[in-house]
Number of protein chains: 2
Amino acid sequence: MTTAPPPPPLRERKKQRTRQALIDAALALFAARGFGGVTLDELCDEVEVSKRTFFRYFGGKEEVAMAPLHDLWRAFLEELETAPADGRPLLELMEATLLAALDRVADEAWAGRAALSFRLSQETSSMDAHNLHFCESTLRSVVAVLHRRLDLPDDPRTRLAGDLLVAAWRLAVEGWAVTAAGAPSVTDLAARVHDAVAALPGSLTLTARPRPGVTGSGPPGKAG
Amino acid sequence: MTTAPPPPPLRERKKQRTRQALIDAALALFAARGFGGVTLDELCDEVEVSKRTFFRYFGGKEEVAMAPLHDLWRAFLEELETAPADGRPLLELMEATLLAALDRVADEAWAGRAALSFRLSQETSSMDAHNLHFCESTLRSVVAVLHRRLDLPDDPRTRLAGDLLVAAWRLAVEGWAVTAAGAPSVTDLAARVHDAVAALPGSLTLTARPRPGVTGSGPPGKAG
DNA sequence: GCGCTTACGCCACCGAGTGGCATAAAGTAG
DNA sequence: CTACTTTATGCCACTCGGTGGCGTAAGCGC
């Protein structure tokens with residue numbers, strides 16, 4: 001019987017509550033006064049937790065602010081373990097898996113937090129750097145899983161495909177986080193991810209003629 | 001007579017010497033004891049410069065270590081201003097421009113420093129994060145220049161193409177920095193960049209069958 | 001030589017992040 | 001309910017990256 005509601009070691013609940021409290025408080029404070037305008041001491045004071053404890057939950061100031069995005073990628077990695085691997089192109093597989101992960105972890109509250117996280121990361125270089133690094137390092141695990149589950153050649157195209165997904169993801173979220181300032185919708189985000197991935201082939205072959213009359217450098221005088 | 005060697009404001013020379021001394025000392029120290037094993041005070045002491053002065057040259061500890069790579073991208077941006085923009089695909093244009101920038105800034109000494117920088121960044125998350133962020137932020141300028149000089153649509157494919165280039169670049173340097181530990185050759189790097197860009201289309205369509213016998217979840221029990 | 005600008009050094013300070021140790025709370029056995 | 005173990009937390013002191021302010025010396029034009 002799975003009816004026995006798994007008694008999550010009462011202890012563990014407090015930890016998760018503390019963790020979530022830190023995330024929520026951090027996002028609220030950062031949104032109000034900016035990432036750099038809030039000290040860890042303030043944040044810890046708000047949640048009534050010692051700074052020492054904060055660092056037992058998060059690796060740094062940036063990490064707590066990026067937690068929602070991190071959770072999604074963790075889910076992505078999990079989904080990847082069980083994703084059906086028929087003969088689809090890798091990129092398609094990864095897109096579908098990402099969408100599945102999104103569907104699993106993303107409720108309405110998540111959407112709000114995630115959009116806020118991303119907006120914050122756009123105005124805070126250390127957060128953006130942290131985020132990029134996290135994606136890239138997660139990508140390593142992704143490639144590892146892929147190689148374990150699939151019969152892939154050793155060439156670097158697998159890794160490249162992962163970078164493509166990350167690029168599309170970032171593009172999608174960037175648009176989403178802006179427009180979704182008021183009411184971020186997970187459905188909208190999913191659609192944007194799909195569109196961004198679909199735009200990838202076109203970006204490879206995109207060709208443009210030089211602007212009429214503009215041959216070299218110099219002020220372009222506001223493209224008409 | 002252009003033989004009059006342009007007297008660079010004697011003042012400026014000292015600045016550039018100090019800057020380069022900081023870079024060289026930093027790379028040497030980091031290579032010897034690791035990024036985290038060297039304090040700024042030590043570095044400044046080595047170059048006989050005050051810590052205050054260090055921060056007038058570099059934005060942080062990571063920046064001095066990534067200087068060689070940064071210089072290349074700065075050159076890339078400059079080259080992009082005058083790059084011939086015939087009807088080639090964007091990606092091809094960017095690749096050629098990157099190669100041109102490489103040819104301009106990269107001498108033998110640069111190759112050694114750059115390879116060291118990149119190797120360092122691979123074992124130091126804060127450096128890698130910084131590097132990624134720098135690429136991404138440079139990419140913004142690249143897209144801006146492209147839109148100014150070329151008649152490009154407003155859709156996000158331009159940006160995507162830039163991300164593709166960055167992905168290929170990172171892949172190329174990654175391989176190069178490892179093998180070129182002893183004798184990093186610029187020619188080799190250029191070839192790797194070309195190969196990586198050439199591999200992009202294939203990564204889009206890369207397809208793989210599931211591993212024979214591995215169908216879904218469950219501990220793979222050490223695939224053997 | 002004499003001012004003017006510019007870069008530098010010094011010092012004091014803030015805030016992020018870490019290690020060590022004592023302690024209180026959760027869980028376990030009697 | 002008590003006693004004992006485990007583990008998360010709090011507190012404290014400390015290191016180090018990074019910044020602001022101000023005095024001063026080194027270019028540099030006159």
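Letters A, B, ... are given to chains in the order of the sequence lines, protein chains preceding strands, and every chain is numbered from 1. Quantities reported herein were computed from a predicted structural model and do not represent experimental measurements.
At the heavy-atom level, B/E48 lies under 4.0 Å from the strands shown only through sugar-phosphate atoms. Residue-level contact check: A/K51 touches the bases, meaning some heavy atom is under 4.0 Å from a base atom. Here A/F54 lies out of heavy-atom contact (under 4.0 Å) with every strand.
For B/R52 against D/dG18, no side-chain N or O and base N or O form a donor-acceptor pair under 3.5 Å. Checked by distance alone, B/R13 brings no side-chain donor or acceptor within 3.5 Å of a matching partner on the base of D/dG27.
For B/D41 and C/dG9, the CG to P distance is 13 Å, given to the nearest whole Å. Straight-line distance from the NE2 atom of A/H130 to the P atom of C/dA16: 15 Å, rounded to whole Å. Between B/E42 atom CD and D/dG17 atom P the separation is 9 Å, expressed in whole Å. Atom CZ of A/F55 and atom P of C/dG19 are 11 Å apart (whole Å).
Ring to ring, B/W169 and B/W176 are not that close: their centroids are 6.0 angstrom or more apart.
Crowding of B/D154 atom CG: a count of heavy atoms from other residues, nucleotides or ligands under 6.0 Å not exceeding 12.
Between B/H130 and B/H70, the ring planes are parallel. Angles under 30° get that label, and only those over 60° would be called perpendicular.
Between B/F35 and A/R56, it is A/R56 whose nearest contact on DNA chain D lies nearer the 5' terminus. Summary of the strand contacts: B/T39 and B/K14 both lie near DNA chain D, and taking for each the nucleotide with the nearest heavy atom, the more 5' one is attributed to B/T39.
Between A/T97 and A/E79, the side chains place no donor N or O within less than 3.5 Å of an acceptor N or O (distance only, hydrogens not considered).
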